[in-house]
There are 2 protein chains.
Amino acid sequence: MDKENHSSDMESGDCNRLQNDDNAAPRIKDVAFLADVSTATVSRVLNQPHSVTETLRNRVLKAVGELDYVPHGAARALASRRSRTIGAIVPTIDNAIFATSLQYLQARLSGFGYTLLLASSDYNLEREHKECQTLVEKGIDGMILVGEARGQQTYEVLVKKHIPYINIWIYNPDSPHPCIGFDNYGAAYQLAEYLMDIGHRKIAMVAGINEGNDRAVGRSTGIRDALASRNLKFHNGFYEERPYSIEDGRNTVSAWLSHSSPPTAIACGNDILALGVLFECISRKIRVPEDMSITGFDGIELSAHVTPALTTVSIPSAQIGTLAANYLVARLEDKTTASKTRLSSHLVIRDTTAPPRID
Amino acid sequence: MDKENHSSDMESGDCNRLQNDDNAAPRIKDVAFLADVSTATVSRVLNQPHSVTETLRNRVLKAVGELDYVPHGAARALASRRSRTIGAIVPTIDNAIFATSLQYLQARLSGFGYTLLLASSDYNLEREHKECQTLVEKGIDGMILVGEARGQQTYEVLVKKHIPYINIWIYNPDSPHPCIGFDNYGAAYQLAEYLMDIGHRKIAMVAGINEGNDRAVGRSTGIRDALASRNLKFHNGFYEERPYSIEDGRNTVSAWLSHSSPPTAIACGNDILALGVLFECISRKIRVPEDMSITGFDGIELSAHVTPALTTVSIPSAQIGTLAANYLVARLEDKTTASKTRLSSHLVIRDTTAPPRID
DNA sequence: TGCAAATATGTAAGCGCTTACAAACATTAT
DNA sequence: ATAATGTTTGTAAGCGCTTACATATTTGCA
C-alpha cells in the first residue's frame with residue numbers, strides 16, 4: 001500500500017507526477033515531489049515567500065497551480081498553533097445592528113486572512129459560555145464578545161488558553177477587560193435630559209430585556225437616573241421590558257395609551273421597539289410628536305425614513321466591527337493597540353420629539 | 001526537556017498528576033495519566049461513550065473535569081478527517097432576510113454539535129469563489145451557498161474534496177445541484193399577474209442588482225415575462241436596478257413620479273426598496289394605494305407594520321436556515337434526504353395595492 | 001584565494017488527536 | 001476443562017503540516 005517513488009534525485013519531476021490513488025486531494029508532499037524540492041520549502045513558499053529564492057518559489061507555485069493544491073487547515077493549525085480563525089458570539093444575528101457590525105467585522109477579518117467562526121447566545125449567558133467553550137475547542141485565535149457582563153468562568157476559559165478577546169458594544173473605562181464601544185448609560189442619560197429639557201415630565205419607557213444584557217441595563221438605568229436627577233420617576237411606573245420586535249413595541253403601549261393619564265413621551269430601548277410604538281400611535285390617530293414624543297436607540301437606516309422620522313441615538317455599528325477586527329489582529333501579531341476604545345454615539349433629533357402640549 | 005514519568009503501571013495516578021510545565025492546557029495524555037487509562041480510552045469516552053465500561057468512563061470523565069480538559073479541535077479534525085464545521089457564504093450578512101436565515105441555521109447547527117464558519121461575497125462571484133477556497137482550506141465538512149449561478153470551478157472545488165453543499169434561497173428542479181428554497185421567478189410572475197388582474201397596465205419595477213444574483217434575475221424576469229404574457233412591457237421602460245437600501249428606493253422613483261405619464265404600480269425586488277418607494281410617495285403626498293400601488297418581496301416583519309401595510313411576497317427565511325442545517329448534517333451522517341426541497345412563498349396582499357384610478 | 005558569516009534548502013521531529021489492530025479478558029458452548 | 005466467541009482496553013501508526021536544527025551554498029572581505 002505504501003508508495004515507493006519518492007527518491008527525489010530523479011531527473012525532472014515533470015513527467016513523474018505522483019500517482020495519487022485516484023483523485024484524492026494533493027498533499028504538500030505531492031507538490032514537493034512535482035517541484036522537486038522538500039516539503040519544508042513548499043511550506044516556506046506558502047508562509048514566508050521571501051525566504052525562498054525566486055527560481056524555487058516559482059517552481060513551487062507552478063506545482064501548486066498544476067495540482068490545485070489547497071493546504072490542509074487542521075494540519076496547519078496543529079503544527080503552527082494558529083488557526084487564523086476568530087470566534088464571535090453575538091446575542092442574535094437577527095438584529096439589524098449586530099448584522100451590520102458582523103458584516104464589517106467579517107469583511108475586515110477576511111482582508112487580514114482570517115475567518116469568522118460565528119455563534120449566538122440568544123441573550124443567554126449560559127449558552128454563551130457553552131458556545132465559548134465550543135469555539136475555543138475549535139481553536140480560535142481570538143474572540144469577540146458582546147457586552148461585558150458574564151460569568152468569570154467564561155473569561156477564564158479564554159485567559160487560560162491565552163486567547164485574546166474583546167468586548168464590543170460597550171465602553172467601560174473601569175473594566176479589567178478590553179472593549180470597543182460607547183457609553184450606553186451616558187447616551188441614554190443624555191437622551192432623557194433632552195426630553196426633560198424640552199418640557200416632558202411624564203416619561204415612560206419600553207426597554208429591551210435587561211436580563212443578561214448589560215447594554216439594555218445601561219440604557220434603562222441611564223434613563224431612570226436622569227429622571228431621578230430631576231426628581232422624576234417613570235410616569236405611573238410605566239416601564240416595561242420587551243423582546244426586540246415591532247409587534248412587542250406596539251402591544252406594550254396599548255395599555256398606557258388608554259390610561260387616564262398617559263405619558264407625553266416614550267423612550268425606547270431600541271429603534272425596533274420605538275417603531276412599534278410609533279406605528280401603534282399612528283394607527284390610533286395619536287399625533288406624533290404633538291401628542292406623544294417617541295425616541296429610539298441604535299439609529300438603524302429605517303429610522304430616518306419613517307414619517308415622522310424617528311429621534312434616536314445613532315451608534316457606529318460598522319466601525320465597531322472593523323475596529324474589533326483590527327484590535328484582535330494587532331494583538332495576534334504582537335503589535336501594540338489601545339485596549340479600550342471609546343466610540344461616540346450621537347443623539348439624532350428628528351421629528352418624533354417635541355415639547356409636550358400645555359394642558 | 002522530555003518528561004519521563006509516563007510509566008502507566010504505577011499505583012493510583014491520583015497523587016501523581018503530570019507536572020505540566022506551568023499552566024499549559026492539558027492534553028489527552030494528561031487525562032489518560034490521571035485516570036490511569038490509555039489515551040485511546042479517553043478518546044473513546046469522548047467520542048463513543050458506550051464502547052467503554054461505566055467504571056472507566058466515569059474515571060475518565062472525572063479526570064476530564066478535574067483538569068478542565070478541552071480537546072484540541074485541529075488535532076481532532078486532522079486525525080478524524082472531520083471538523084464538525086459548516087461553511088456558509090452569503091452575499092451580505094447585513095440584510096434582514098439573510099440574517100434571519102443565518103440565525104436559524106446557526107442555532108440548528110449548534111444543536112447538532114456543528115459550528116458555523118461564515119463568509120460573505122458582497123454579491124461578487126469572484127469573491128465568493130475565493131471565500132469558498134478559504135473555507136474549504138479551513139476544512140469545512142459541508143457548505144451552504146446562496147443561489148445557484150456561479151462558476152463551475154467553485155462547484156468543482158467542493159466536489160473534488162467531497163464536501164456536500166446546498167444552494168439555498170432558490171428552487172430549481174432542473175438544476176444538477178441540491179437546493180432548498182422557492183421559485184423566485186414564479187412568485188414574481190404571480191405577483192405581476194395580480195397587479196394586472198386588478199387593472200394595472202402601467203407597471204414599473206425597481207429591482208435589486210441582477211448581476212451575479214440569480215434570485216434578483218428570477219424576480220425581474222418573472223415580472224417582465226408576466227407583463228409580456230399580456231403584451232405589456234415596463235411602462236415607459238421604467239425598470240431600474242438598485243442596491244439594497246431605502247435611500248435607493250426613494251431616489252429611484254423620483255424621476256418617474258414627475259414624468260408626464262407615471263406608472264400606476266411599482267413592483268420592487270425586495271421590501272427595503274419597496275419601503276423606500278413607499279416613503280418617497282408618502283413624502284410627496286402621493287396617495288398609496290389610490291394613486292400608486294407598490295409591492296415588495298421578502299416579507300420582512302416591518303412590511304406588516306408600516307402604514308399603509310406593504311403588499312409583498314413572504315418567504316420562509318427561518319425555515320430555509322433550519323432545513324439547510326438538517327440537510328447537511330443528514331448528508332454527513334449518511335442518512336438519506338431529499339436533495340431538493342421546494343418551499344412555498346406567499347403573496348401577501350395588504351394595503352399598498354389597489355386597482356388604478358380610472359382616468 | 002581562503003575563511004567566516006550569511007543565506008538557502010533539506011531532514012526529521014513533532015503538533016494532539018483517532019483508530020486499525022493486537023492483546024487481554026469475560027462469556028458461553030462443547 | 002477447553003475452545004470458540006464476544007467484549008473491552010491498549011499499542012502505536014499515522015493525519016498533513018511547520019519549524020528547529022543540520023547541511024549545503026553563496027557572499028563578503030582580508
Side-chain angles (χ1 to χ4, degrees), chain A residues 1-3 6-9 18 20-21 24-33 35-60 64 67 69-84 136-139 161, chain B residues 1-3 6-9 13 18 20-21 24-33 35-60 64 67 69-84 136-139 141 161:
Chain A
M1 270 285 152
D2 260 334
K3 309 195 197 82
H6 277 269
S7 55
S8 57
D9 46 357
L18 196 61
N20 252 325
D21 305 356
R27 310 277 111 107
I28 199 173
K29 231 192 236 180
D30 304 310
V31 177
F33 184 73
D36 196 22
V37 297
S38 72
T39 60
T41 299
V42 176
S43 176
R44 284 190 198 101
V45 168
L46 264 23
N47 298 303
Q48 321 143 33
H50 290 294
S51 69
V52 175
T53 333
E54 199 180 336
T55 332
L56 267 204
R57 196 190 319 147
N58 289 149
R59 227 161 69 211
V60 170
V64 166
L67 295 177
Y69 170 70
V70 177
H72 189 294
R76 214 171 184 172
L78 182 57
S80 69
R81 284 127 233 243
R82 310 186 75 242
S83 64
R84 295 221 134 216
V136 167
E137 181 174 335
K138 297 281 176 177
K161 291 264 189 175
Chain B
M1 272 284 149
D2 260 336
K3 309 196 196 81
H6 277 270
S7 55
S8 58
D9 47 356
L18 197 62
N20 252 324
D21 305 357
R27 312 277 110 107
I28 199 173
K29 229 193 238 179
D30 304 311
V31 176
F33 184 72
D36 196 23
V37 296
S38 72
T39 60
T41 300
V42 176
S43 176
R44 283 188 201 105
V45 169
L46 264 24
N47 298 304
Q48 321 143 32
H50 290 295
S51 69
V52 176
T53 333
E54 201 181 334
T55 331
L56 267 201
R57 197 193 316 149
N58 289 149
R59 225 159 74 208
V60 169
V64 166
L67 296 176
Y69 170 70
V70 177
H72 189 294
R76 213 170 184 173
L78 180 57
S80 69
R81 287 122 229 250
R82 304 178 89 259
S83 64
R84 295 220 135 216
V136 166
E137 180 174 335
K138 296 282 176 177
D141 289 341
K161 292 264 189 175

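Not measured: the values here are computed from a predicted model.
In this structure, the nucleotide among dC17(D), dT18(D), dC15(D) sitting nearest to the side chain of Ser80(A) is dT18(D). Distances from the side chain of Ala79(B) to the nucleotides dT11(C), dG16(C), dC17(D) place dG16(C) closest. Checking dT18(C), dT18(D), dT11(C) against every side-chain atom of Ile28(B), the shortest atom distance belongs to dT18(C). In the set dC15(D), dT18(C), dG10(C), dG10(C) carries the atom at the smallest distance from any side-chain atom of Val37(A). Comparing atom distances between the Ser43(A) side chain and each of dG10(C), dT19(D), dG10(D) picks out dT19(D) as nearest. Side chain of Thr39(B), nearest nucleotide from dG16(D), dC21(C), dA12(D): dA12(D). Across dG10(D), dT11(C), dC17(D), the shortest atom-to-atom separation from the side chain of Tyr69(A) is found for dC17(D). For Arg81(B), whose side chain is taken as the heavy atoms from C-beta onward, the closest listed nucleotide among dG16(C), dC15(D), dT9(D) is dC15(D).
The residue Arg44(B) sits close to a base: some heavy atom pair falls under 4.0 Å. At the heavy-atom level, Thr41(A) lies under 4.0 Å from the strands shown only through sugar-phosphate atoms.
Every side-chain contact (heavy atoms from CB on, under 4.5 Å) that Ala40(B) has, sequence neighbours left out, goes to Ser38(B), Arg44(B). Residues passing the side-chain contact (heavy atoms from CB on, under 4.5 Å) test with Ala79(B), sequence neighbours excluded: none. For Arg81(A), there are no side-chain contact (heavy atoms from CB on, under 4.5 Å) partners, not counting sequence neighbours. For Ser43(A), the side chain to side chain donor-acceptor pair (under 3.5 Å) test picks out Asn47(A), with sequence neighbours left out.
Following rounding to the nearest Å, Arg59(B) (CZ) and dG10(D) (P) show an atom-to-atom distance of 8 Å. One can place CG of Leu78(B) at 12 Å from C1' of dG14(C), the figure rounded to the nearest angstrom.
Listed pair Arg76(B) / dT18(C) meets the phosphate criterion, a side-chain N or O lying under 4.0 Å from OP1 or OP2.
Applying the salt bridge (Lys or Arg N to Asp or Glu O under 4.0 Å) test to pairs two or more places apart or on separate chains, those with a residue in residues 69-80 of chain A are Arg76(A)-Glu137(B). For residues 50-59 of chain B, no pair satisfies side chain to side chain donor-acceptor pair (under 3.5 Å), with sequence neighbours left out.
Taking the screw axis at each terminus of the helix from dT1(C)-dA30(D) to dT30(C)-dA1(D) from five consecutive base pairs, the angle between the two is 40° to within rounding of 10 degrees.
The stretch residues 45-55 of chain A touches DNA chain C through Val52(A), Thr53(A), each having a heavy atom under 4.0 angstrom from the strand.
Side-chain atoms of Val37(B) and Val60(B), non-hydrogen and from C-beta on, do get closer than 4.5 Å to each other.
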